[in-house]
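What follows is a short report on a single structure.
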Amino acid sequence: MHTPNKWKMTPERVSQFIKNYSFALMIDSEFEATHLPLVYKPDEGEFGTLYGHVSRANKHGKSLQDTHVLVVFNGPRIPKPPQDPSFSWN
């Protein structure tokens, strides 16, 4: 897929984006998903390291050892207000 230069995620932009919007959705290989805040350490590991906390009582917390996960950072969580002229339900 073509990505315009203004939307390309350089390591610096990734780091800044995660710093600004640290609330993420973590999904494991069993499609168990948990919303949680994460901290990104870009200088740790080959591609950086994400740190977060999942309660032991959370089923997800028991299945995370030695596994891969998908982490989705959605950006701002504030919806556009209906009075915004560009707002549309379509």
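Just so you know, these numbers come straight off a predicted model, no measurement behind them.
- Using a 4.5 Å cut-off on side-chain heavy atoms (C-beta onward), V69 and I27 make no contact.
- The CZ atom of F17 sits 7.5 Å away from the CG atom of N74 when rounded to the nearest 0.5 Å.
- When all heavy atoms of L38 and A24 are compared, the pair lying nearest together is CD1-CB, 3.8 Å.
- Distance check: M26 CE to F73 CZ gives 10.5 Å after rounding to the nearest 0.5 Å.
- The shortest distance between side-chain heavy atoms of N58 and T34 falls below 4.5 Å.
- When all heavy atoms of K8 and R13 are compared, the closest pair comes out as O-NH1, 3.0 Å.
- Between T10 atom OG1 and Q16 atom CD the span is 10.5 Å, to the nearest 0.5 Å.
- In this structure, the side chain of T49 engages the main chain of E44 through a donor-acceptor pair within 3.5 Å.
- Put simply, L25 and Y21 are part of two different groups of oily side chains (I, L, V, M, F, W, Y) that touch within less than 4.5 Å, one to the next.
- In this structure, the side chains of S22 and V39 stay at 4.5 Å or more apart for every pair of heavy atoms.
- Taken to the nearest 0.5 Å, the NE2 atom of H68 stands 12.5 Å off from the CG atom of D28.
- L50 and M9 fall within a single hydrophobic cluster, where Ile, Leu, Val, Met, Phe, Trp and Tyr are joined by side-chain heavy atoms under 4.5 Å apart, directly or via other members.
- Considering only heavy atoms from C-beta on, K41 comes within 4.5 Å of Y51 through its side chain.
- Between the NE2 atom of H2 and the CH2 atom of W7 there is a distance of 12.5 Å, given to the nearest 0.5 Å.
- F47 and Y40 make their closest contact through O-OH, 3.0 Å (heavy atoms, listed as atom of the first residue, atom of the second, distance).
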